[in-house]
Amino acid sequence: MAVVAFADPGGGMPATARETHAALRGVTRVYGRLAALGPLDLDLAKGEFFSVVGPSGCGKSTLLDVLSGLGRPNAGTVTFEGAPVDGVPDGVGIVFQEDASFPWLSVRDNVAFGLRRAGMDGAEIARRVDYALGFMGLSDFAGAYPAQLSGGMRQRVCIARTLVTQPRLILLDEPFGALDQQTRLLMGDELLRLWRETGATVLLITHALDEAAMLSDRIGVMSSRPGRFIEIVETGWPRERDSRIVADERFGQITARLWSHLREESLKAIGKSSSRKTSVP
Amino acid sequence: MAVVAFADPGGGMPATARETHAALRGVTRVYGRLAALGPLDLDLAKGEFFSVVGPSGCGKSTLLDVLSGLGRPNAGTVTFEGAPVDGVPDGVGIVFQEDASFPWLSVRDNVAFGLRRAGMDGAEIARRVDYALGFMGLSDFAGAYPAQLSGGMRQRVCIARTLVTQPRLILLDEPFGALDQQTRLLMGDELLRLWRETGATVLLITHALDEAAMLSDRIGVMSSRPGRFIEIVETGWPRERDSRIVADERFGQITARLWSHLREESLKAIGKSSSRKTSVP
Amino acid sequence: ETITVTHWGSAFYGAPYAVALEKGFFKKRGLDITGFLTSAGGGTSVRNTLAGEVPFGEVALPAAILAIQSGQPIKIISGGVESVEDILWITQPDGKVGSLADMKGKKIAYTAPGSVTNMIILNCLQKAGLEQKDLQLVAAGDLGANLSAVLNRAVDAAMSGEPLWSGNQGKVKAAFWAKDCMNPALTQTVGITTTEFARTGGDKLRALIEARREGVAYIKANPDEAADIVAKAYSGDPKTYREVFRHFVGFEYFGDGRLHYDNMNRMLDGMKLVGRLKGPVDWKQVVDPSFLPKDLQATQ
Amino acid sequence: MTRERAIALTRIAWLAGFVLLLEAVCRLHLVNPLTLIPPSEMIATLWSMLASGEFAGDIARTFSTVAIALVLSIAIGFALGVAVHALPRLRRGLDPLLASYYSIPTFVFYPLFVAIFGLNSVPLIVLGMAFGVPAMILSTLNGLDRVPRVLMRTAQVHRLGRLATLAHVVMPSALPYLLTGVKLALAYAFIGIIAGEFILADAGLGHAIAYAYDGFENRTMYALMLFVLVVVTGLNMTLHAWEGRLMRRRARA
Amino acid sequence: MIDGVVTAVIAIGAWQALHAYAGEAAIASPLKALRHLSGLVATAGFWSHATATLTAFAGALAISAALGIGLGLVLGLRRFAGEVAEPILSGLYAIPKVTLYPVILLIFGLGLGAKVAFGVIHGVIPITLFTLTAVKGINPVLIRTARAMRLSQADTIRTVLAPAVLPEIVTGLRVGFSLTLLGVLVGEMFASQRGLGFLIVNGISLHNVKQTTAVILMLVVVAVAANGVLLWLDRRFIHRP
Ligand SMILES: Nc1ncnc2c1ncn2[C@@H]1O[C@H](COP(=O)(O)OP(=O)(O)OP(=O)(O)O)[C@@H](O)[C@H]1O
Ligand SMILES: Nc1ncnc2c1ncn2[C@@H]1O[C@H](COP(=O)(O)OP(=O)(O)OP(=O)(O)O)[C@@H](O)[C@H]1O
Ligand SMILES: [Mg+2]
Ligand SMILES: [Mg+2]
């Protein structure tokens, strides 16, 4: 596995220089007879922004499953903050690929859900929820129900719901899938701001190469199924950054590099797995 | 409205140099009290590849509605091949944003649907359908039903169903919305090949700027609602081209130009219309 | 053509008709009877008669009276079953109700409020010197449900009658009989028709009454054969039916069609007792005896 | 809003038109007054009947029976639905049975119910539940099937226990389907119990109708029928409106 | 398949247990009921009853289906009318229809007419409601596709609308099938001299538990089988995404 750095490591956050926050070792995942993931190793450094790109169906969501403790690996070990993962550990927040807002709760109640379930004191809940709503640009819609929002806003509700619990590791599975590309990049800026402010470790799964190139400290490129990292690209961006870095010439280089891998992997994948059903009459 | 050309017009297909295939003049569309589109003018040259980009909800699908004759403009005129449009004219093919495959028909029967309704001879239908299936990479799934396919494959079925009727004007509304970005670009290559081979005029609506930049002769950038063209960008690509042109430096320039407009329009749109409902409790 | 006979297939009001059909007594008189409309009794039979192909029916006397009192355009034209001697109350073989007096404090079932069995059980209470509050009376539904209630020990005693009584003698025993409480000569059913058909269809009505009469006579003369005929028509057990028919012949169950005003008045008393009678009944206005054979018309 | 109003008004106009037509048909003696009475008379009779309290006992009897049957249907149906959902094999076997439950004329089982439960109001309650329980089971299954997997995973992420997941995620998510079940259970409780009373019982609205029918008391019969119609429709509409309010916020635009 | 057999076995076991608990007087044992049924089936009389029911049922189902689908299509296509009618229909669905018996008798007289009418009033509403909901909920892009292909209105209904709503219509027919049968049986229980409904009441009033159980058994088997067939057709030929 090649590790490519596009800038002087001093500027960004090379994984090696920092304490490990979560780690996968020799992890594989099999669905029935279908090998979906691995064997695969991954070290997430504390506070880093790591993105995963790869062709559709290569096992990205499966990786998130295993890392979060939602699913168990068939082989290998998963650790978070030094302890082995069994069930979702405290301190891990997840935003799913699908819309996971609760349609029967208002935006405010959606965001407060986790805190209420955890039995937090009302005033503290209100304070945190208000902050999260403001942060996500949802303050005007606190009383609205998800059905009254666009797909993108619903996804923001889910992000807010995860953020209020102040996770130390944030896992995001295509959180902007429902948005058009323009709005995606704007949301990306918000995510960067959040990451900077909280100091959390972020793992972002995305299809959009420019998104990955723009946001991440490191980008893991996955092979087609069973997913493995074929390359990990270090961007070397400064911690202070936003979508304007698309003007930077390194951005083009990174994207091109990602492309060259993905074009190849996509070609492999499209023939094999563009249909989700394995048998067709 | 500025018209920007990125290359010597001789290389590409400037609209002015060619015969007009379809045209909108002073077209507006209003839903109730909501002005969705225009007033707007557009000339599609015969055989050109025109893309439309713009923020979500700006009226792109409405533009397609009016141009295709599915919807009537509230003001202005629409012409196709010189005749005013009233109802969908013969020679116009449409691929919708949503999955429009018929779940009760097999892939083959879906693709053959239009031809059968037009009363075409069976052998000719079989020939054309086989060709279209092959072209769209669906040959192995001819007997499958849409329910057994992934969203992307269903969308390909819809494209094939439109293409077999050999339309002279092909209108595509986000046809690759269900696909991941990698597959999108590969499908884009297929579309380019088709366009080259048939000589049809293509109007493509898309959110993806790189897609627009890569595929089109001209790109219309729409303002937020009510949608109007704020700029038409001429790419100047040669007719013979594919996704490898992303390596061309002009590609970056075009994308950046599109971006500068859209970032602005998106910022406007996200505050106003990211929720589809106008009133929220 | 069909006529209406209440409880066809489950009680024996229809027996003379079954015999008449089998023996050709209808055909002989130029009637083409093909079947009998049934119903679970009461008002339904009267309504079925009104709606039927030939508006003639043998229905419960109380239902006929109530219908006439509410203004329905019908007349009583003949008598039918003239006895409740087959009605009894049954209990489990080891049951504690062996006589009328034993009813006290028990749960006793009858068919339905306002029905003939309701009136009989009230008579029985009077006879035993009991009040309604001394025991628990429950309406259990038809004969089958009553039997079932006893067999399942849901009640201490329940009403029964033929053919269930004869068919289930091993499983239950008699507690007391209707005839222990009252004079069992009671008009259960009568023949009715619409005033309209009385005007236009006199010949048919006369023929129907005569055919039935011949059926009754045949039952009396050949109870065993009649039982077999009815068993076939009702898909019943011939052995039980023969037993039943021998009883019937013994106590003149089937009237020959003449109107027994004493028996009918007893029914009126019963209706008063259960609170179903709305006002006095003037038989002259209710009854039209003109379709009876001459020799039967005279009886008063 | 104006459209909704127009719809409501049109609906009322249609119903009113129908009633008026009926009235006219009766008043003009196009049908025999002995068989059908004009709606106005039905209403008048019903009014005086309600005022006199003559049928208060029957009404109370029927409603309490329906209420018990309804509550039991919902509770048992929901519990069984949850259980069957957890056992997919059992479910596959039960599928055709559940799908055809309403073709069985349940009141023929009355003697059986009497044998099992005794001669009291329990058999009637069971009759009222006979359709309600399977309807509720089916609705529960339907609802549970449609709880999006991602919501269950969200519950997992928030580390909710089984009961908390059921209470805070599964139930609210399945609520629209559960409500459908409740509506059906209510309708079936009325249908089953009134039909049962009509044929079998010695008290209650169904019996009162049958008794009036038997005694040719048309006014009483039609007044009672109207009462049942109005009450059932009223309850149904109320539930409908309530559901509509609850669901409107959920309806995807 | 195996699950179905297992369920059937369990159901029969439960039946036997019920028989053991409640006794001969309440419910016949499975074996007895089956034996009685096979005896019954061998008689010509039984078939005249079965035919009577079948005739009424076939008529009622045909009317329910035609009326229900037709009405459902019309009300579904005319949104305004549909929204006016829907709550009325679901209100009608909820009323205890036995109470309408006197009125039905009055309008249709006795015999076949009343039986069919009784079946129809039970069956037509669910079929209408299912069809209406399906047409209302049809994916609008399918209709747009038809327009884009320049299909005539008739062609659109025939080749797009009808197949699109078929799954819901089949579901509606399944419910309608069962309820129509129920309605016909209830009708036969009130006024008839023939039919399976008559056999049931007759069995009850003669306390012929074997006959009642046998006839009900047959009805249950027929209803479950018919539903099974419709379900199977549904799964086999209807491809839902
Ligand atoms: N629960 C499951 N059971 C069986 N197969 C599964 C399951 N979940 C995923 N798979 C299969 O495992 C493979 C990897 O799936 P996964 O969802 O992880 O891919 P992905 O990279 O997230 O894809 P996408 O980009 O489309 O979200 C796919 O082939 C998928 O069909
Ligand atoms: N049938 C309709 N009735 C009322 N409003 C409509 C209708 N169709 C579209 N609109 C509104 O008109 C505006 C333009 O819609 P349109 O679908 O053309 O946008 P779009 O650019 O295609 O958006 P997207 O990128 O999300 O597909 C939106 O605000 C939309 O909510
Ligand atoms: Mg995924
Ligand atoms: Mg659109």
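Each chain gets a letter, A, B and so on, in the order its sequence line appears, and its residues count up from 1. Remember, predicted model here, so these are calculated numbers, not experimental data.
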#### Entry: Sequence neighbours excluded, every pair satisfying ring-ring contact (aromatic ring centres under 6.0 Å, His included) that has a member inside residues 64-91 of chain D
none

#### Entry: Minimum heavy-atom distance between A100(A) and V150(D), given as atom pair plus value
CB-CG2, 3.7 Å

### Query
Hey, which residues of residues 154-167 of chain D are touching chain A, say heavy atoms under 4.5 Å apart?
T154(D), Q156(D), V157(D), H158(D), R159(D), L160(D)

### Message
Check this for me: F18(D), atom CZ, are more than 12 non-hydrogen atoms of other residues, nucleotides or ligands nearer than 6.0 Å?
### Response
no

## Note on the structure
Under 4.5 Å to a heavy atom of chain A? For P148(D) that would be neither

### Neighbourhood of chain D inside residues 79-91 of chain A, taking heavy atoms under 4.5 Å as contact
V88(A), P89(A), D90(A)

### Query
In this structure, are over 12 heavy atoms from other groups packed under 6.0 Å from M152(D) atom CE?
no

### Message
With a 6.0 Å cut-off (strictly less than), is the heavy-atom count around CZ of R116(A), excluding the residue itself, greater than 12?
### Response
yes

### Query
Considering heavy atoms only, which positions within residues 63-70 of chain A lie below 4.5 Å of chain D?
D65(A), L70(A)

### Summary
Output for pair (F96(A) CZ, R149(D) CZ), nearest 0.5 Å, gives 9.0 Å

### Message
As an exercise, state the distance from CZ of F102(A) to NE2 of H168(D), rounded to the nearest 0.5 Å.
### Response
10.5 Å

